Amino acid sequence: MDILPRPPSPYYTADHDAFRDQLRRFVERDIAPFVDQWDEAEEFPRELYKKASAVGLLQMGFPEEYGGVPSDGFFRIIASDELARAGSGGVNASLMSHTIGAPPIAALGPEWMKRKLLPEILSGEKISALAITEPSGGSDVANLKTTARREGDHYIVNGQKMFITSGFRADYYTVAVRTGGPGMGGVSLLLIERDRPGFSRTKLRKMGWWASDTAQLFFDDVKVPIDNLIGPENAGFNGIMRNFNPERIGLAAGAYGFAKVCLEEAIDYARQRETFGKPLIKNQVIRHKIVDMAMKVNAVKATLEGLAWRVEQGEQPVAEICMLKNLATTSLEFVANEAMQILGGAGYLRGSKVERIYRETKVMSIGGGSIEIMKDLAARQMGL
Amino acid sequence: MKVLVAVKRVIDYNVKIRVKADKTGVETANVKMSMNPFDEIAVEEAIRMKEAGKATEVIAFSAGPTQCQETIRTALAMGADRGVHVVTDGELQPLAVAKLLKAVADKEQPGLIIVGKQAIDDDSNQTGQMVAALLGWSQGTFANKIDVADGSVTVKREVDGGLENVKLKLPAVITTDLRLNEPRYASLPNIMKAKKKPIDQHKPEDLGVDVAPRLKTLKVEEPAGRKAGIKVKTVAELVEKLRNEAGVI
């Protein structure tokens, strides 16, 4: 279905199409053939970061003077969509972890940090991760417990971080720490390099996203220079919050991409598979399932692109973005479930895209703000 | 030395080709189009020559409708310096393209013309040879490796049963084979920069070329579907069939 040229759209230009074309080839050549192997190995080669930079994937949306390419949100949607075609959320999550780790540096970091770190990260030399969630809580950022105590021109950091994407291999961590009193007014963002004494990490094994190096981080009297502060002291909350809108749109775009893959796989299989003397797809029950799946995919696409356009116009439609994330991830759960049902035993085998995507639906509806947190935030934004 | 590279807009290699209902050709409406893969290899080779300091400028040429600009833009995004687009809507056969290429070469005076050995749509494998003949230049076809030296170029050619080295005087025409190189991706930064690179547009008349087809297509049909095979019960039966029916042993 996707081999057709793009239908007329108010959102995409020839540049978008050209980028999509190149990305599709990149994913077909450098990612898709290896995802099963990488998933089983619970790791993908570091080299992939450099390859991703060669195609321009890592640079999107960062300033040109630090090695980035200014580009609108539709490029990022295309990236999520095309990366999803390989059917491995884990590869995408770690490969693109700098899209949450590095924006606070680009927006709020001191000049030395931007000049040194951003070119290294955007060229794929170094890996950037964001560390907010703790064992005691994720979305409750205002109550985080990791502390950074000022001692001369250093902070002494103590605490733990949990479920950190790229947490095991990253070189630079953008870490939320408590530098002040209780509440959101005491939180700062601090750059912590991986080789600082007292900083250690443990890899976590997961239901899905196997190829992604998710980790728990431990800070034990880690000495960090005050120059590593990202943005003003005790004003980290702002930096954390500004990440959320793009992250959630990105997650929705990924969910959309994965749902589309499930739909395509299901249609393909239903056409090929013959039971009781006719192709599966000739059965009304299967045809109706496929239409329901396509309907959800289309609804997500329309909402996603409409909202992305509004963000491009400078709006911050927080409630709608929360609802979009829920729409996209619950639609993915529905579509992946139906695709699995259509594929039957074939879908349950390891190595099938649908099997992996099905296992990875939950992380989409939990990560970046769970369904419940999204609803709560939307309700508050709506003044309910 | 300037290098002139020809890039053709063809139906994407992933697309399942359908014959038009009236059997006059294949369906191209609403079909994804891309650069001919052999031409990508040609563009890549030219860019590598420039990076190695052996070429000064890479010019991407295409002939065809307005949309061929996208194909030229892809070449520019890969690293070509500028484009030449001969705008024409009718059918173009290899001889017409070769004449257009000659006209552009007369103007640009490139040291090398590199084209794909064939396009994946009509598989003609003629344009490179024809343009060499029209220009009176040496030709090295099916290139597997190219070494440019002062005033000459060595081409390792893929021929039946092996590789053949030929040394050509410049200027020359080279056609690329599959294993010459692996084309790079046009990166996002370069896609953005390519917008600013110039593309000259000409009409065939401006170049004094008559592009009217010399060959007439009578009918286009899908190849006959493959018939189902049979299962043999024993090795003896297999040998018997290979000998008496297939005639291969």
Side-chain angles (χ1 to χ4, degrees), chain A residues 1-8 12-32 48 50-79 82-83 85 119 122-124 264 268 271, chain B residues 7 9-18 26-37 39-41 43-44 47-48 51 60 65-80 83 85 178 181-197 199 228:
Chain A
M1 64 177 356
D2 216 33
I3 284 173
L4 291 177
R6 81 180 155 88
Y12 298 104
T13 64
D15 287 346
H16 290 118
D17 289 349
F19 184 52
R20 186 188 288 280
D21 243 37
Q22 297 297 318
L23 268 187
R24 179 151 310 182
R25 287 175 36 180
F26 168 69
V27 171
E28 273 172 11
R29 196 160 85 185
D30 290 323
I31 299 182
L48 189 63
K50 283 186 194 152
K51 288 185 179 170
S53 176
V55 71
L57 194 55
L58 304 186
Q59 299 93 315
M60 286 183 302
F62 287 89
E64 213 162 1
E65 53 177 323
Y66 305 115
V69 195
S71 46
D72 66 28
F74 289 98
F75 282 99
R76 293 194 286 279
I77 290 180
I78 289 168
E82 292 300 319
L83 282 171
R85 293 181 66 86
L122 302 180
S123 64
E264 286 174 12
D268 259 14
R271 283 215 168 103
Chain B
V7 292
R9 182 171 176 268
V10 297
I11 295 180
D12 189 89
Y13 67 92
N14 277 312
V15 174
K16 189 171 183 301
I17 306 289
R18 280 171 300 131
V26 298
E27 194 58 72
T28 53
N30 283 326
V31 167
K32 181 171 157 51
M33 308 291 279
S34 302
M35 188 192 294
N36 175 36
D39 298 345
E40 282 183 358
I41 295 172
V43 174
E44 175 67 33
I47 298 165
R48 288 187 191 183
E51 286 167 350
T66 322
Q67 296 91 317
C68 287
Q69 265 209 38
E70 293 167 19
T71 315
I72 296 178
R73 288 273 172 229
T74 306
L76 298 178
M78 286 173 73
H85 179 198
L178 199 61
N181 60 47
E182 195 171 309
R184 71 193 64 191
Y185 302 114
S187 72
L188 181 58
N190 290 336
I191 290 170
M192 301 296 214
K193 282 180 204 146
K195 277 189 293 193
K196 299 192 190 101
K197 294 181 178 174
I199 299 179

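Computed from a predicted model, the values in this text were never measured in an experiment. Here is the naming used below: chain letters follow the sequence lines, and residue numbers restart at 1 for every chain.
The most heavy-atom pairs under 4.5 Å with chain A, out of B/A186, B/A194, B/P189, come from B/A186. Annotation: maximal heavy-atom pairing with chain A below 4.5 Å, among B/R184, B/E70, B/M192, occurs at B/M192.
The shortest side-chain heavy-atom distance between A/F75 and A/L23 does not fall under the 4.5 Å cut-off. Here the side chains of A/H16 and A/R20 are not in contact, with every heavy-atom distance at 4.5 Å or above.
Within 6.0 Å of the CD atom in A/E64, the count of heavy atoms belonging to other residues, nucleotides or ligands does not exceed 12.
Neither the backbone nor the side chain of B/Q69 comes within contact range of chain A, judged by heavy atoms closer than 4.5 Å. Of the two parts of A/A54, only the backbone, made up of N, CA, C and O, holds a non-hydrogen atom closer than 4.5 Å to a non-hydrogen atom of chain B.
Pairing each heavy atom of B/Y13 with each of A/E28, the nearest pair is OH-OE1, 3.4 Å.
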